[in-house]
Amino acid sequence: MAKKAKAAVPRKTAAPRLPKVNAGELATLLDYLRYAVSCFQNADLVFAHGTTDPVSEAAFLIGEALHLRPEQFESFVTARVTAAEGKTILDLIAARITTRKPAAYLVNKVYMRDLPFYIDERVIVPRSFIGELLETHFGGAEADGTSLIDDPLAVDSVLDLCTGSGCLAILASRHFPNAVIDAADISKDALAVAARNVAAYDLGERISLHRGDLFAPLSQRRYDLIITNPPYVDAEGMAGLPRECRAEPALAFDGGPDGLDIIHRILAEARDHLTAEGGLLCEVGRDRPQIEAAYPDLPLLWLDTEDSEGEVFWITARDLV
């Protein structure tokens with residue numbers, strides 16, 4: 001009887017070596033930016049966590065090392081960097097490459113719609129398109145005709161479902177100044193991060209955090225607007241997540257075999273939690289074809305942003321059946 005062949009043990013891929021930097025070779029922010037971009041491209045990093053390319057990622061890390069906001073970077077691009085600052089920058093570049101962790105985890109910060117938020121490994125790094133859509137499609141009747149509501153000041157209640165770090169709830173609080181906001185998540189760890197962000201913006205009296213499975217902790221409450229960026233990655237996608245994404249909580253990605261497990265439940269239950277004139281704004285990634293096949297009679301309105309096409313849908317309470 002033939003012996004079974006031993007299973008091959010996958011070989012670990014060595015982390016790319018960073019080019020040696022001698023004293024005085026890098027002087028300005030621009031020098032460090034160019035160096036970081038070259039290193040990131042050589043290491044074949046994945047950018048999907050608030051930045052979309054090696055240049056913006058390098059600028060973000062360098063700016064955080066120097067305590068500069070993103071909009072300030074260009075003003076100081078020719079400024080010289082001290083030896084201590086340079087070491088901090090080089091350490092961050094090396095950590096990004098050797099750990100493959102998202103940059104937001106390395107500096108515990110991410111920006112959404114120009115606002116800073118605290119982030120750590122207890123929560124997915126936020127990169128939702130909903131923040132942009134709140135600005136472009138919820139401006140009321142005085143907007144350019146694309147608004148989905150008549151008056152943002154008339155929105156009294158908002159639910160951020162699967163809130164994660166609470167970023168969308170905080171953005172919603174600024175866009176709907178008269179709204180009381182509930183933010184729900186099943187993860188205790190994520191809600192701890194959300195609580196920190198809510199406190200940082202002094203919104204404890206307007207934003208309430210709830211722990212539980214989707215609508216379960218919300219009783220029979222109804223909302224003028226439900227926003228949600230739920231888990232929607234299918235089994236194949238979960239198996240192929242890049243190393244950067246595998247550093248994030250799997251719970252925040254996993255949408256079941258076809259990616260629609262959570263979305264099915266949201267669509268089934270949302271009407272019972274919306275006011276008569278309310279609506280649901282839901283981000284689904286690239287699941288649009290599967291959703292349209294599963295719900296051919298639902299009049300879903302697919303919305304585009306600067307960086308996405310048809311990854312978020314809108315549906316009113318009246319149209320949910």
Side-chain angles (χ1 to χ4, degrees), residues 33 37 40-41 45-64 68-75 77 102-104 109-117 119 124-149 152 155 158 160-176 197 225-233 237 242 244-245 248 252-253 259 263 279-289 291-292 300-315:
L33 179 71
V37 170
F40 290 168
Q41 291 184 153
L45 301 184
V46 172
F47 308 100
H49 303 83
T51 60
T52 56
D53 59 79
V55 176
S56 58
E57 179 111 330
F60 169 67
L61 281 177
I62 294 168
E64 287 305 304
L68 298 175
R69 288 180 61 89
E71 67 272 14
Q72 295 176 310
F73 186 91
E74 190 171 347
S75 299
V77 72
K109 187 182 289 184
V110 71
Y111 287 88
M112 286 192 69
R113 311 311 295 169
D114 299 326
L115 293 181
F117 296 97
I119 296 296
I124 190 174
V125 179
R127 57 267 204 183
S128 174
F129 300 120
I130 288 176
E132 178 182 338
L133 290 170
L134 291 178
E135 296 177 6
T136 59
H137 286 71
F138 291 84
E142 73 281 0
D144 60 2
T146 61
S147 183
L148 299 171
I149 63 172
V155 175
V158 176
D160 177 16
L161 199 61
C162 306
T163 189
S165 57
C167 299
L168 290 180
I170 292 169
L171 291 176
S173 75
R174 297 169 76 89
H175 199 71
F176 306 108
N197 284 317
L225 174 65
I226 297 175
I227 58 177
T228 181
N229 183 17
Y232 52 70
V233 179
E244 281 86 346
C245 293
E248 300 176 88
F253 289 109
I263 295 169
L280 168 68
L281 189 66
C282 181
E283 187 163 338
V284 298
R286 296 172 184 163
D287 288 345
R288 177 176 177 174
I291 291 173
E292 290 183 324
L300 302 174
L301 176 63
W302 294 95
L303 305 175
D304 298 338
T305 69
E306 289 185 1
D307 297 312
S308 72
E309 291 185 9
E311 295 192 31
V312 182
F313 69 74
W314 165 258
I315 188 167

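In what follows, residues are counted from 1 in the order of the sequence shown.
Two residues are said to be in side-chain contact when any heavy atoms from C-beta on lie closer than 4.5 Å; L281 and F138 meet this criterion. P230 places none of its side-chain heavy atoms less than 4.5 Å from the side chain of L161. Counting heavy atoms from C-beta outward, P116 and Y111 have side chains that approach closer than 4.5 Å. In this structure, the side chains of L301 and L148 come closer than 4.5 Å at one or more pairs of heavy atoms. For the pair V110/P126, a side-chain contact is recorded, criterion being any heavy-atom separation below 4.5 Å from C-beta on.
Taking CD of E132 as the reference point, atom CG of D307 lies at 7.0 Å (rounded to 0.5 Å). Separating the CG atom in D304 from the CG atom in L133 is a distance of 9.0 Å, to the nearest 0.5 Å. Rounding to the nearest 0.5 angstrom, the gap separating the OG1 atom in T52 from the CD atom in E57 is 9.5 Å. Summarising the geometry, atom CD1 belonging to I226 is positioned 10.5 Å from atom CG belonging to D160; distances are rounded to the nearest 0.5 Å. For the atom pair CG of L171 and CD1 of I130, the computed distance is 10.5 Å after rounding to the nearest 0.5 Å. Taken from CD1 in I291 to CH2 in W302, the straight-line distance is 4.5 Å, to the nearest 0.5 Å.
Within a 6.0 Å radius of CD in E71, other residues, nucleotides and ligands contribute more than 12 heavy atoms. Within a 6.0 Å sphere centred on CD of E292, heavy atoms belonging to other residues, nucleotides or ligands number more than 12. Counted within 6.0 Å of CD on E309, heavy atoms from surrounding residues, nucleotides or ligands total 12 or fewer; the atom is thus considered open. Counting heavy atoms of neighbouring residues, nucleotides and ligands inside a 6.0 Å radius, atom CZ of R286 does not exceed 12 of them.
Under the 3.5 Å distance criterion, the side-chain polar atoms of Q72 are matched with a main-chain donor or acceptor of R69. Formation of a donor-acceptor pair under 3.5 Å by the N197 side chain with backbone atoms of F117 is not found in this model. Side-chain atoms of E283 never come within 3.5 Å of backbone atoms of S128 as a donor-acceptor pair (strictly under, hydrogens ignored).
Of all non-hydrogen atoms in D53 and S56, the two that sit nearest each other are OD1-N, 2.8 Å. Between V37 and V55, the shortest heavy-atom contact is CG2-CA, 3.7 Å. The nearest pair of heavy atoms linking V125 to A104 is CG1-CB, 3.8 Å. Contact record, L168 with G131: CD2-N, 3.7 Å, taken as the closest heavy-atom pair. The two atoms that bring S308 and T305 nearest to each other are OG-OG1, 2.7 Å, heavy atoms only. Here the closest non-hydrogen pair linking C167 and M112 is CB-SD, 3.6 Å.
Using a cut-off of 4.0 Å between Lys/Arg side-chain N and Asp/Glu carboxylate O, E244 and R127 are scored as not salt-bridged.
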Is there a side-chain contact (heavy atoms from CB on, under 4.5 Å) between F176 and I149 once you walk through the steps?
CA-CA 11 Å; F176 306 108; I149 63 172; 3.7 Å; yes
Could you walk me through whether F73 and L33 satisfy the side-chain contact (heavy atoms from CB on, under 4.5 Å) test, starting with their C-alpha distance in whole Å, then the side-chain angles of each, then the deciding distance to 0.1 Å, before giving a yes or no?
CA-CA 11 Å; F73 186 91; L33 179 71; 4.2 Å; yes
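The aromatic rings of F47 and F40 sit tilted relative to each other, their planes meeting at an angle between 30° and 60°.
Just one of R174, H175, R113 meets the side-chain hydrogen bond (donor to acceptor under 3.5 Å, both in side chains) condition when paired with E135; it is R113.
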